[in-house]
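Remember, it's 1-based here, ligands and their atoms both numbered in the order they're listed. Computed from a predicted model, the values in this text were never measured in an experiment.
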Amino acid sequence: MRADIARIMRGMIDYNSPDTARINHALKVHGFARLIGLSERVSETELFTVEACGLLHDIGIHEAERKHGSNSGKYQEIEGPPIAGKMLAASGIPMEERTADRIKFIIGNHHSYKKIDGKDFQILVEADFLVNIFEDGMKRPAIEAIRESIFKTAAGKSLLETMYLKNGV
Ligand SMILES: [Fe+2]
């Protein structure tokens with residue numbers, strides 16, 4: 001793992017402590033985002049973007065609950081980007097402004113599937129579903145509907161199939 005991603009990972013764990021469920025969720029989404037990114041041979045910058053988004057995509061949850069009394073997607077999307085921006089700045093990781101902006105854009109829209117406008121965004125959404133299907137105990141008809149409406153990358157579709165849709169699973 002790259003040292004800069006390790007720093008963001010540690011920052012996410014510290015920020016979410018002691019909420020172990022959310023720490024684990026972010027680590028799992030990061031793992032799938034990295035796997036899909038590597039399988040799809042995205043650029044270095046895109047890989048950094050999908051890994052950072054995997055770790056930070058839900059970073060607005062606590063602030064949404066504190067400020068709005070709700071962890072709904074809408075409030076997470078509002079609260080997440082400024083927190084992620086501060087964490088990226090505090091990490092001291094050198095990155096182009098447009099990379100930080102892209103990470104914040106994906107975090108701020110990651111429940112708005114109609115806004116998916118690039119492979120990095122697509123990969124983050126697929127990785128989040130691969131984790132949420134398990135965490136939310138979704139059933140086969142819902143999973144099949146998600147496969148048709150959301151999944152696009154070959155690696156993401158293959159993981160979805162292998163983990164949730166193979167016969168007998
Ligand atoms: Fe998530």
**Q.** Side chains of Met9 and Leu27 in contact at under 4.5 Å (non-hydrogen atoms)
**A.**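 Touching, per the 4.5 Å side-chain cut-off.
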
Q.
Please list all pairs meeting ring-ring contact (aromatic ring centres under 6.0 Å, His included) that have one or both residues in residues 55-103, counting only residues at least two apart or in different chains.
A. His25-His57, His57-His110, His68-Tyr75

Q | the Fe ion (ligand 1): protein N, O or S atoms that are less than 2.8 Å away, sorted by chain | A | His25 NE2, His57 NE2, Asp58 OD2, Asp128 OD1

Q.
Assess the residue pair Leu124 and Val50 against the criterion (side-chain contact (heavy atoms from CB on, under 4.5 Å)); give the C-alpha distance rounded to whole Å, side-chain angles, the decisive distance to 0.1 Å, and a yes or no.
A. CA-CA 6 Å; Leu124 183 274; Val50 300; 5.5 Å; no

Is any side-chain N of the basic residue among [X] and [Y] closer than 4.0 Å to the acidic one's carboxylate O?
X	Y	value
Glu65	Arg22	yes
Glu44	Arg2	yes
Lys157	Glu161	no

